Amino acid sequence: MDGLSCDVAIAGGGLVGLSLAYELATLGAQVVVVDAAHPGRATDAGAGILSPDTNAEDEHWWWEFGHRAGAHYPDLLARMAADGVDTDGTGYHTCGLISVGLRESERDWYDPFADRVTRRSGQVIREITPDEARQKFPPLGPVHRALYNPAAARIDGRGMADALRQAATGRGVHFVSGAVTGVTDLVGADAATSTRTVQHVQIDDHDDLACGALAVAGGAWSAAMGEWLGHPLPITPTKGQIVHLGVAEATGEWPIVQPLLTHYLVPWPGGRVACGGTFEADAGFSATTTAAGLHELLRECLSVAPGLADAEYLHTRVGLRPTSSDDRPVVGALPGWSNVFVVTGHGASGLLLGPYSARLVAERITGQGGGGQPIPAGVDPARFS
């Protein structure tokens, strides 16, 4: 890496960092991704649910942000395919999703949810009977109510990351293995405003990397970067374990099942169903499978879909979701710096929101793209100043 320089250095090589690298490269930037490859990164374990229409949040901007993120996927995949990347491994497929209320006692939560998502979707989401729900997802047990979203899709995080890395490499992006440990700055700083400018990025066991801008895409490890940048990035890891089961049936066209108050089920082609995920806010950076996690996952999975009782246990994936202190992403320019940008903190919605957030930041950094959509004020890093 000796003597290497770039327009933009990206700290983080997960799905978000790879998306940003590809988007920047398509806009003409020279990019270097510095990847610490931490075990337990969320990309490697995510369930892959892309269903912004069933977002239950009250705030309209949040729903709109998710909706645009979902619509971004077909465009992104088409551009990658046009660059010669085989996107079949991403597993992207519009499979539909069933939101279920398991029992009548849940009506105080389910009724407002059903009203909100049906209205916002423009009646795309519709009520179906419990029998219809079981026809679509045969292992499903008794349910009280069911809403069907035919527009929901799924994406395989590992496959998407592999495809993005191929696409970025094909566009000339360089990859460096290591951890960013700091920056050199102040040269050229604006004394009038005290705005600082990154000149070089410091990397373990490598020479400093000269760059025109730095983008922080460190996932659950982003808070440490905020420390050496002198600006709080209150991101903590939320551990999620997801169990994968094997069944004899053809599962490729089954819809996702998402109970309102317990764990989801995501079917994949080849007789595989993922059940997840645990929310372990106090597990730190542990990426181990635990007996308690397995017990919780299998108990809840079989309470929703008792027809999976004879399924084969395949494996468990563990990921550390980057969760901000207000449960909102952290996306945009970092205050106090002329050339530092942040794209992290997507929590459990990283696979949905991450690539679109990356596109918005790429357009902000380069001043190009013509997408015309501003970064929502609700995700601005300045809220933590």
Side-chain angles (χ1 to χ4, degrees), residues 1 6-27 29-46 69 72 76 80 85 90 155 157-181 183 198 201 203-204 206 209 211-226 229 233 235 237 319-322 324 329-334 339-347 349-366 379 381:
M1 197 195 78
C6 61
D7 296 322
V8 185
I10 299 174
L15 181 83
V16 176
L18 292 169
S19 298
L20 181 58
Y22 176 66
E23 298 289 7
L24 286 166
T26 64
L27 296 174
Q30 294 180 315
V31 181
V32 172
V33 175
V34 185
D35 184 11
H38 293 294
R41 145 165 96 188
T43 299
D44 297 333
H72 177 67
L76 173 58
M80 292 164 61
V85 175
T90 68
I155 190 79
R158 295 181 180 185
M160 186 66 186
D162 288 344
L164 281 165
R165 188 175 181 115
Q166 293 176 40
T169 301
R171 286 279 183 167
V173 173
H174 290 273
F175 290 85
V176 175
S177 296
V180 176
T181 57
V183 296
V198 168
V201 171
I203 308 170
D204 272 344
H206 292 283
L209 170 66
C211 62
L214 168 66
V216 174
W221 293 265
S222 297
M225 301 181 196
L229 287 167
L233 294 175
I235 309 295
L320 304 175
R321 310 176 186 92
S324 73
V330 186
V331 180
L334 192 68
N339 61 345
V340 178
F341 301 83
V342 181
V343 54
T344 186
H346 295 93
S349 300
L351 283 172
L352 171 63
L353 302 176
Y356 180 62
S357 297
R359 178 66 191 187
L360 295 180
V361 170
E363 292 179 356
R364 176 74 179 273
I365 291 173
T366 63
V379 302

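Note that these values count all heavy atoms, side chains included, but never hydrogens, waters or copies made by symmetry. Computed from a predicted structure; not experimentally measured. The residues of the chain are indexed from 1 along the displayed sequence.
- Using a 4.5 Å cut-off on side-chain heavy atoms (C-beta onward), Val31 and Asp7 make no contact.
- Contact annotation: the side chain of Arg321 never approaches that of Pro237 to less than 4.5 Å [non-hydrogen atoms, C-beta and beyond].
- The nearest pair of heavy atoms linking Gly157 to Leu15 is O-CD1, 4.5 Å.
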Test side chain to side chain contact (heavy atoms under 4.5 Å, CB included) applied to Val176 and His206, step by step: CA-CA 9 Å; Val176 175; His206 292 283; 3.6 Å; yes
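- With sequence neighbours excluded, the residues forming a side chain to side chain donor-acceptor pair (under 3.5 Å) with Arg171 are Asp83, listed by chain and number.
- In this structure, the side chains of Val8 and Leu214 stay at 4.5 Å or more apart for every pair of heavy atoms.
- To the nearest 0.5 Å, atom CG of residue Leu351 and atom CD1 of residue Ile155 are 8.0 Å apart.
- Closest approach of Tyr22 to Ala168, counting heavy atoms only: CD1-N, 3.9 Å.
- Arg165 forms a cation-pi arrangement with Phe175, by the criterion of a distance under 6.0 Å to the ring centre and an angle within 45° of the ring axis.
- Across Val342 and Val361, no two heavy atoms sit closer than the pair O-CG2, 4.1 Å.
- When the options Val340, Val330, Val216, Val331 are evaluated for a side chain to side chain contact (heavy atoms under 4.5 Å, CB included) with Pro381, the one that passes is Val330.
- In this structure, Val343 and Leu360 have side chains that are not in contact, with every pair of non-hydrogen atoms separated by 4.5 Å or more.
- Applying the salt bridge (Lys or Arg N to Asp or Glu O under 4.0 Å) rule to Asp35 yields the partners Arg41; only residues at least two apart in sequence or on another chain are considered.
- Of all non-hydrogen atoms in Asn339 and Gly212, the two that sit nearest each other are ND2-O, 3.0 Å.
- Not counting sequence neighbours, the partners of Ser222 by the side chain to side chain donor-acceptor pair (under 3.5 Å) test are Thr344.
- Here the CG atom belonging to Leu18 is positioned 9.5 Å from the CG atom belonging to Leu20, to the nearest 0.5 angstrom.
- Atom CG in Leu76 sits 5.5 Å away from atom CD in Glu23 (nearest 0.5 Å).
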Passes side chain to side chain contact (heavy atoms under 4.5 Å, CB included), Ile10 versus Val34? Steps please. CA-CA 6 Å; Ile10 299 174; Val34 185; over 6 Å; no
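- A 4.5 Å side-chain heavy-atom check between Pro355 and His72 finds at least one atom pair inside the cut-off.
- Put simply, the side chain of Arg359 reaches to within 4.5 Å of the side chain of Leu27, judged on heavy atoms.
- Counting heavy atoms from C-beta outward, Cys211 and Val198 have side chains that approach closer than 4.5 Å.
- Considering CG of Leu320 and OG1 of Thr43, their distance stands at 11.0 Å, rounded to 0.5 Å.
- Side chains of Thr181 and Ile203 form no contact here, defined as non-hydrogen atoms less than 4.5 Å apart.
- Contact detail for Ala11 and Met225: the closest heavy-atom pair is CB-SD, 3.8 Å.
- Of all non-hydrogen atoms in Val33 and Ala21, the two that sit nearest each other are CG2-CB, 3.6 Å.
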